[in-house]
A.B. asks: 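Have a look at this one.
Here is how names work: the chains are called A, B, and so on, in the same order as the sequence lines, proteins then strands, and each is numbered from 1.
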Amino acid sequence: MSGMEQAIGTRQGWMGLLARAPAGELARLWADAGLEAPAHDWLRPPETGAVMVRGRAGAQGAPFNLGEMTVTRCALRLADGREGHAHVQGRDKAHARRAALADALMQGAEAATVRDRILAPLAEAEAARRAARARRAAATRVEFFTMARGENG
Amino acid sequence: MYVAVKGGERAIDNAHAWLAEARRGDASVAGLTLAQIREQLALAVDRVMAEGALYDADLAALAIKQARGDMIEAIFLIRAYKTTLPRLGYSRPVETAAMRVIRRVSATFKDVPGGQILGPTFDYTHRLLDFVLAAEGETPEAPEADAAPDPAPHVLGYLDREGVIQPEADGDATPGDLTRAPLELPADRALRLQALARGDEGFLLSLAYSSQRGYGRNHPFVGELRIGAVAVELDIPELGFAVEIGEVELTECETVNQFTGSKTEPAQFTRGYGLVFGQSERKAIAMALVDRALRWKELGEEDTGAPVQDEEFVLSHADNIQATGFLEHIKLPHYVDFQSELELVRRLRREAAAASEREAAE
């Protein structure tokens with residue numbers, strides 16, 4: 001599962017995983033993990049805004065602006081100086097805060113706990129959701145067969 | 001002359017109170033939750049996201065509920081809300097080649113690597129009303145199969161590598177943004193694609209249909225239609241790298257159209273492109289046809305005078321919020337404007353009557 005390792009093993013990976021995670025799932029895992037919500041200062045308090053999503057003409061040509069999506073971002077600093085950043089899809093400020101806290105905790109002693117109790121279950125759940133969709137799609141794949149042709153007669 | 005008048009506050013308040021009651025409908029019927037709208041009217045939600053030009057399914061569901069199912073009113077609510085959001089940045093262009101497809105069909109090649117994947121489609125249904133739904137029957141689970149390990153590359157890539165289709169001019173020029181600067185004509189393709197992506201589905205459908213019927217004909221084949229989720233990546237300057245900030249579901253349509261060519265350039269197919277938020281293949285196909293028709297100048301084609309080739313006509317009328325704003329404002333009080341016209345008509349009639357009396361007298 002190289003995709004899952006990447007999602008947990010690199011900062012880019014876990015930030016993306018936390019951003020894509022359903023907010024409710026992250027909240028539940030956070031509560032279950034027994035991590036105290038550590039004291040922190042806001043470098044940038046949670047703020048909801050829009051990011052313009054771009055596409056490319058013909059899928060590979062020059063970029064164009066397709067439309068916006070809602071995003072909530074924040075940045076914080078723990079008492080020991082570790083910084084956590086988050087940009088998460090949607091308008092849930094608690095989601096952004098938890099994602100930023102997890103990002104900060106991943107840079108220190110709590111990393112193993114965050115990885116095992118939060119990131120790994122999130123990555124597994126996401127992989128399961130994706131696989132379920134892929135299996136349904138695969139079941140709708142067309143298997144062509146050729147009818148008897150007339151050219152032999 | 002502008003005459004300010006006051007009045008009607010009580011009537012307006014009471015009208016809005018009645019609107020709220022009418023929105024709720026019969027109180028003995030269970031109220032709709034946003035989750036029900038999001039999950040069970042998903043294509044309505046997708047349309048509001050596409051034409052509202054804001055990807056947020058919960059907001060779109062709220063807008064549909066508030067608008068009592070009036071789609072343009074719901075889109076209006078989203079556009080208005082969107083203006084209150086600070087712009088946090090521009091994403092990297094999404095990689096639709098890496099889309100996790102739930103549907104992917106090609107009308108040009110039967111045997112494409114990755115296969116023809118029908119997905120949750122209305123195609124091949126008999127369009128017979130299903131009274132099981134009226135009886136709230138349970139839905140059986142969709143069958144599953146081992147997921148194909150082979151990726152689904154873009155079908156047009158095969159034509160591209162053979163050189164028989166026009167390559168897309170790449171480049172990373174910053175595209176213009178209609179949400180930041182008003183549309184100026186002539187518009188480049190990036191601006192046209194943005195306007196079409198948020199344009200009214202019905203308007204684009206009719207324009208595309210007109211082109212198929214001969215008004216600006218350009219012989220499209222659907223080279224590929226795909227629906228699925230793509231990651232959205234944003235560069236975070238304070239971190240110095242890009243992170244995925246979420247996922248959006250998109251519908252993409254690439255058409256293969258009749259060719260260009262000359263004595264010096266061998267014949268090549270041309271392209272139209274459609275990309276839309278959510279699942280909306282009607283809109284994506286229509287967008288691709290209109291995009292292709294608007295490229296007539298760059299492809300050295302004849303201007304047949306067809307509406308779909310007229311950039312100013314298409315782009316100025318594709319936005320249903322602009323259109324409905326201007327259309328519907330004429331129902332609001334125009335008492336003074338009308339009084340002046342009424343006075344004018346009366347005077348003209350008096351003058352005409354007086355003139356014919358004079359003639360009769362002479």
Side-chain angles (χ1 to χ4, degrees), chain A residues 7 10-21 43-44 47-73 75 83 85-92 103 126 129-144, chain B residues 50 53-56 59 82 85-94 96-97 100-103 110 115-119 142-148 154 168-173 175 177 189-190 193-194 197-198 231-232 234 236 238-239 241 243-248 252 254 271 273 275 277:
Chain A
T10 68
R11 190 167 184 207
Q12 257 173 307
W14 74 62
M15 289 184 78
L17 179 66
L18 290 161
R20 295 189 304 270
L43 300 171
R44 177 192 275 151
E47 173 191 29
T48 296
V51 166
M52 177 60 87
V53 179
R54 283 182 171 154
R56 287 188 182 280
Q60 54 180 19
F64 69 95
N65 293 307
L66 175 63
E68 289 159 284
M69 64 187 271
T70 50
V71 173
T72 302
R73 69 177 176 190
E83 288 184 10
H85 292 257
H87 277 73
V88 305
Q89 184 164 14
R91 290 164 289 118
D92 191 329
D103 178 44
E126 179 177 73
R129 277 195 304 275
R130 288 177 174 178
R133 260 163 76 94
R135 283 196 305 272
R136 280 171 168 75
T140 68
R141 184 173 162 155
V142 180
E143 303 296 341
F144 287 105
Chain B
L54 183 67
Y55 198 99
D56 187 316
L59 282 180
K82 202 159 74 88
L85 293 174
R87 174 67 60 78
L88 303 185
Y90 290 83
S91 84
R92 290 190 171 180
V94 292
T96 56
R100 279 185 301 283
V101 295
I102 58 164
R103 174 165 166 78
K110 178 166 68 71
Q116 309 267 357
I117 297 164
L118 299 182
E144 297 189 348
D146 284 339
H154 274 118
E168 280 292 352
D170 55 1
D172 280 304
D177 184 355
R189 190 162 175 225
L193 289 171
Q194 185 181 11
R198 57 190 241 158
V232 180
L234 181 71
I236 312 291
E238 55 268 41
L239 298 179
F241 53 82
V243 295
E244 286 187 15
I245 56 171
E247 264 185 354
V248 293
E252 180 185 59
E254 291 187 274
R271 301 163 181 262
Y273 189 66
L275 188 66
F277 277 159

A.B. asks: Can you measure from CD (A/Gln12) to CD1 (B/Ile236) and round to the nearest 0.5 angstrom?
C.D. replies: 10.0 Å
A.B. asks: Show your working on side chain to side chain contact (heavy atoms under 4.5 Å, CB included) between B/Leu85 and A/Glu68 and close with a plain yes or no.
C.D. replies: CA-CA 10 Å; B/Leu85 293 174; A/Glu68 289 159 284; 5.9 Å; no
A.B. asks: So what's closer than 4.5 Å to chain A heavy atoms on B/Arg87: side chain, backbone, both or neither?
C.D. replies: both
A.B. asks: Do you know the tightest heavy-atom contact between B/Tyr90 and A/Val51?
C.D. replies: C-CG1, 4.2 Å
A.B. asks: Examine whether an atom of B/Lys82 lies under 4.5 Å from a heavy atom of chain A, and if so say whether it belongs to the side chain, the backbone or both; otherwise answer neither.
C.D. replies: side chain
A.B. asks: Given that the side chain runs from C-beta out, which part of B/Gln116 has a heavy atom under 4.5 Å from chain A: side chain, backbone, both or neither?
C.D. replies: both
A.B. asks: Please find the pair of heavy atoms, one from A/Met69 and one from B/Gly246, that lie closest to each other, and give the distance.
C.D. replies: CE-CA, 4.3 Å
A.B. asks: In terms of heavy-atom proximity below 4.5 Å to chain A, should B/Ala169 be classed as side chain, backbone, both, or neither?
C.D. replies: backbone
A.B. asks: What part of B/Glu254 gets closer than 4.5 Å to chain A, counting heavy atoms only: side chain, backbone, both or neither?
C.D. replies: side chain
A.B. asks: Evaluate A/Met15 against B/Ile245 for side chain to side chain contact (heavy atoms under 4.5 Å, CB included), listing each step before the verdict.
C.D. replies: CA-CA 8 Å; A/Met15 289 184 78; B/Ile245 56 171; over 6 Å; no
A.B. asks: Tell me, for B/Arg92 versus chain A, whether the close heavy atoms (under 4.5 Å) come from the side chain, the backbone, both or neither.
C.D. replies: backbone
A.B. asks: Who wins among A/Ala59, A/Ala86, A/Ala21 for the most heavy-atom pairs under 4.5 Å with chain B?
C.D. replies: A/Ala59
A.B. asks: Taking all heavy atoms of B/Arg271 and all of A/Gly58, pick out the closest pair and write down the distance.
C.D. replies: NH1-O, 4.1 Å
A.B. asks: Would you mind telling me which of A/Arg135, A/Glu47, A/Glu143, A/Arg136 has the largest number of heavy-atom pairs within less than 4.5 Å of chain B?
C.D. replies: A/Arg135
A.B. asks: Side chain, backbone, both or neither: which part of A/His85 has an atom under 4.5 Å from a heavy atom of chain B?
C.D. replies: side chain
A.B. asks: For B/Ala190 and A/Phe64, work out which heavy atoms get closest and say how close.
C.D. replies: O-CB, 3.6 Å
A.B. asks: Rounded to the nearest 0.5 Å, how far apart are CZ of A/Arg56 and OG1 of B/Thr96?
C.D. replies: 10.0 Å
A.B. asks: Could you check which of B/Pro86, B/Ala197, B/Ala50 has the highest count of heavy-atom pairs closer than 4.5 Å to chain A?
C.D. replies: B/Pro86
A.B. asks: Give, as side chain, backbone, both or neither, the part of A/Val142 having an atom under 4.5 angstrom from any heavy atom of chain B.
C.D. replies: both
A.B. asks: Select one option (side chain, backbone, both, neither) describing which atoms of B/Leu59 are under 4.5 Å from chain A's heavy atoms.
C.D. replies: both
A.B. asks: Would you sort out whether A/Gln89 and B/Val248 count as a side chain to side chain contact (heavy atoms under 4.5 Å, CB included), showing the intermediate values?
C.D. replies: CA-CA 10 Å; A/Gln89 184 164 14; B/Val248 293; 4.2 Å; yes
A.B. asks: Taking all atoms of both residues into account, what is the closest heavy-atom pair of A/Val71 and B/Leu88, and its distance?
C.D. replies: O-CD1, 3.7 Å
A.B. asks: Between A/Ala50, A/Ala139, A/Gly55, who has the most heavy-atom pairs with chain B when the cutoff is under 4.5 Å?
C.D. replies: A/Ala50
A.B. asks: Answer yes when B/Glu247 and A/Arg130 have at least one side-chain N-carboxylate O distance shorter than 4.0 Å, and no when they do not.
C.D. replies: yes
A.B. asks: Output the distance between atom OG1 (A/Thr70) and atom CG (B/Asp56), rounded to the nearest 0.5 Å.
C.D. replies: 3.5 Å
A.B. asks: To the closest 0.5 Å, what do you measure between CG (B/Leu239) and CD (A/Glu83)?
C.D. replies: 9.0 Å
A.B. asks: Which region of B/Val232, side chain (C-beta onward) or backbone (N, CA, C, O), has a non-hydrogen atom less than 4.5 Å from a non-hydrogen atom of chain A, or is it both or neither?
C.D. replies: side chain
A.B. asks: So what's closer than 4.5 Å to chain A heavy atoms on B/Tyr55: side chain, backbone, both or neither?
C.D. replies: both
A.B. asks: Atom CG of B/Asp177 and atom CG of A/Asn65: how far apart are they, to the nearest 0.5 Å?
C.D. replies: 4.5 Å
A.B. asks: Identify the two heavy atoms, one from B/Ser91 and one from A/Val53, that lie closest to each other, and give their separation to 0.1 Å.
C.D. replies: OG-CA, 3.4 Å
A.B. asks: Looking at A/Gly16, A/Pro63, A/Gly67, A/Gly90, which has the largest count of heavy-atom pairs under 4.5 Å with chain B?
C.D. replies: A/Pro63
A.B. asks: Evaluate the side chain to side chain contact (heavy atoms under 4.5 Å, CB included) criterion for residues A/Arg54 and B/Gln194: first the C-alpha distance (whole Å), next the side-chain angles of each, then the deciding distance (0.1 Å), finally the verdict.
C.D. replies: CA-CA 9 Å; A/Arg54 283 182 171 154; B/Gln194 185 181 11; over 6 Å; no
A.B. asks: At what distance, to the nearest 0.5 angstrom, does CG of B/Leu234 lie from CZ of A/Arg73?
C.D. replies: 9.0 Å
